[in-house]
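Below is one structure, written out as structure tokens, with a few remarks after it.
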Number of protein chains: 2
Amino acid sequence: MISKNMACIKSFLIENDIKPSIQRARIYQFLVDNPIHPTADEIYNQLNPELITLSKTTVYNTMHLFVEKGIVQPIHVEGNEVRYDADFSQHGHFKCDCCGKVFDINIDLNTSSITQLKGFKIKSIQMLMSGTCEKCSCQ
Amino acid sequence: MISKNMACIKSFLIENDIKPSIQRARIYQFLVDNPIHPTADEIYNQLNPELITLSKTTVYNTMHLFVEKGIVQPIHVEGNEVRYDADFSQHGHFKCDCCGKVFDINIDLNTSSITQLKGFKIKSIQMLMSGTCEKCSCQ
DNA sequence: AATAGACTTTGTACTCATTATATTATAACA
DNA sequence: TGTTATAATATAATGAGTACAAAGTCTATT
Ligand SMILES: [Mn+2]
Ligand SMILES: [Mn+2]
Ligand SMILES: [Zn+2]
Ligand SMILES: [Zn+2]
């Protein structure tokens, strides 16, 4: 899933009912190539030098569209910002309070046995841990 | 744990190294009596009629203090707001996209077997699901 | 009781992520 | 080519949260 070329991303967007544009394709490629759970602001700052007329509104519009079409997940690790993840494999996240990085954690979330959820329709499951990562812990 | 009286809350705050005040005690009591994961704004609006001079800054100050002293957990279900929970029993949350309610879900989060977390120091674990609740699903 | 010092509460102004709106650009198509 | 739909952009507005300083409250000491 790492570093699809643009032609490949174009057909992926079309498959998912999204009309491709340079902006949309590059933003999606950036998310796949950089699984660092960036904010809209970080995406904008990274791509702005290359897409010289890029607008922050376009980034927000695009992220809303991607979430609606189900090719990107919003991640809420802090109350004042939304982060995005193009990885839909079953995994959780660990936010280091020290260096601020968000790590992917492979985890098996099985909710089928929870009786409280009878009748509930689950659309997404997220697990978030916080603390200090290995590097920050041994200092 | 439901509806402690004020005297009881006073000693609870003191136990947790928090100097008690009417505002702090009533805010904590409200959180225990109303486990609906309110935002700072909701806490303010609910208590304002009673604590007639209450300031929103006081609510924010108090929530920060409670989180720092470990008697309240911040919950991030949406990117633009923080919700608060005085319940420290092991449980996750389910946010209904339809009615907006946040439900408590009893769940057993065992992370001891995850090899990726070797060397990581876990401070908090949260699990969040979203979708539609039982009531909203059968309509 | 008055004084002083420490802590708490409050109002105002500000920041900054996100959203709303209107305009311009681009693509699709007859 | 002209017409229409969709996308991108710039600008202004919103709203949760924060910074700061002034005013209020509590408690100990005289
Ligand atoms: Mn991830
Ligand atoms: Mn809860
Ligand atoms: Zn770290
Ligand atoms: Zn519902």
Side-chain angles (χ1 to χ4, degrees), chain A residues 6 9-11 13-14 16-30 37-69 71-72 74-84 100 102, chain B residues 6 9-11 13-14 16-30 37-69 71-84 95 100 102:
Chain A
M6 290 291 271
I9 287 173
K10 180 183 176 185
S11 38
L13 293 179
I14 291 170
N16 285 277
D17 193 29
I18 296 168
K19 296 198 176 174
S21 68
I22 296 159
Q23 290 84 344
R24 288 171 177 176
R26 276 298 288 127
I27 289 173
Y28 185 75
Q29 189 179 46
F30 177 80
H37 316 90
T39 62
D41 195 63
E42 284 164 357
I43 296 167
Y44 172 78
N45 286 317
Q46 290 294 313
L47 293 179
N48 191 32
E50 174 191 338
L51 303 172
I52 53 176
T53 64
L54 185 64
S55 152
K56 213 177 267 187
T57 305
T58 298
V59 179
Y60 281 110
N61 289 342
T62 302
M63 298 324 293
H64 291 333
L65 182 66
F66 285 179
V67 170
E68 185 201 325
K69 296 300 185 185
I71 66 167
V72 156
I75 308 282
H76 308 284
V77 303
E78 223 77 43
N80 61 331
E81 63 187 17
V82 181
R83 295 177 172 277
Y84 296 98
V102 177
Chain B
M6 291 291 271
I9 287 172
K10 179 183 177 184
S11 37
L13 293 179
I14 292 170
N16 285 276
D17 193 28
I18 296 168
K19 295 198 178 175
S21 69
I22 295 161
Q23 290 85 345
R24 289 170 177 176
R26 277 297 288 127
I27 289 174
Y28 186 74
Q29 189 180 47
F30 177 82
H37 318 90
T39 62
D41 196 63
E42 284 165 356
I43 296 167
Y44 172 78
N45 287 317
Q46 290 293 312
L47 293 179
N48 192 30
E50 174 191 338
L51 303 172
I52 51 176
T53 65
L54 185 64
S55 153
K56 213 176 266 188
T57 306
T58 298
V59 178
Y60 282 111
N61 288 342
T62 303
M63 298 324 293
H64 290 157
L65 182 66
F66 285 179
V67 170
E68 185 200 326
K69 296 300 183 182
I71 66 168
V72 157
Q73 272 186 303
I75 310 283
H76 308 284
V77 302
E78 224 75 44
N80 61 332
E81 62 185 17
V82 182
R83 295 176 174 277
Y84 296 97
K95 164 85 186 294
V102 178

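Lettering of chains follows the sequences in order, A, B, ..., and the numbering in each one begins at 1. All figures in this text were calculated on a predicted structure; none of them were measured in a lab. Just so it is clear, the values below take in all heavy atoms, side chains as well, and ignore hydrogens, waters and symmetry mates.
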TODO: Under 4.0 Å between any heavy atoms, over every strand shown, what does B:Asn61 touch: base, sugar-phosphate, or nothing? Just pick one.
DONE: base
Open item on the list: On the nucleotide C:dT18, are OP1 or OP2 found under 4.0 Å from the side-chain N or O atoms that A:Tyr60 carries?
Closed with: yes
- [ ] Using a cut-off of strictly less than 4.0 Å, decide whether B:Gln23 has a side-chain nitrogen or oxygen near OP1 or OP2 of D:dT25.
- [x] no
Open item on the list: If I take atom CG in residue A:Asn48 and atom P in nucleotide D:dT9, what distance separates them, rounded to the nearest angstrom?
Closed with: 10 Å
Task: 4.5 Å side-chain heavy-atom contact, A:Arg24 and A:Tyr28 - done: no
Open item on the list: Mind checking if B:Lys19 touches a base, just sugar-phosphate, or nothing, with heavy atoms under 4.0 Å?
Closed with: sugar-phosphate
Open item on the list: Base, sugar-phosphate or nothing for B:Thr39? Non-hydrogen atoms, less than 4.0 Å.
Closed with: nothing
Task: Between C:dC16 (C1') and A:Glu81 (CD): distance, integer Å - done: 11 Å
Open item on the list: Please determine whether a side-chain nitrogen or oxygen atom of A:His64 lies at a distance below 4.0 Å from atom OP1 or OP2 of C:dT18.
Closed with: no
Open item on the list: OP1 or OP2 of D:dA8 versus the side-chain N and O atoms of A:Ser55: is any pair under 4.0 Å?
Closed with: no
Open item on the list: Would you say B:Thr57 places a side-chain N or O within less than 4.0 Å of OP1 or OP2 belonging to C:dT9?
Closed with: no
Task: Rounded distance (Å) that lies between atom P of C:dT10 and atom CD1 of B:Ile52 - done: 10 Å
TODO: Take atom CG of A:Leu54 and atom C1' of D:dA7, then tell me their distance rounded to the nearest Å.
DONE: 13 Å
Open item on the list: Rounding to an integer number of Å, can you tell me how far A:Arg24 CZ sits from C:dA27 C1'?
Closed with: 12 Å
Open item on the list: When you compare the side chain of B:Thr62 with that of B:Ile43, does any pair of heavy atoms fall below 4.5 Å?
Closed with: no
Open item on the list: Quick check: do A:Ile27 and A:Met63 have side-chain heavy atoms less than 4.5 Å from each other?
Closed with: yes
TODO: Measure the distance from NZ on B:Lys10 to P on D:dC26 and round it to the nearest whole Å.
DONE: 11 Å
Task: Minimum heavy-atom distance A:Val59-A:Ala40, with the two atoms named - done: CG1-O, 3.6 Å
Task: Whole-Å gap separating C1' (D:dG15) and NZ (B:Lys56) - done: 9 Å
Task: Touch class at under 4.0 angstrom, heavy-atom based, for A:Ser21 against every strand present - done: sugar-phosphate
- [ ] Using whole Å, report how far CD of A:Glu78 lies from C1' of D:dT18.
- [x] 15 Å
Task: Residues A:Glu42, A:Arg83: salt bridge by 4.0 Å N-O rule - done: yes
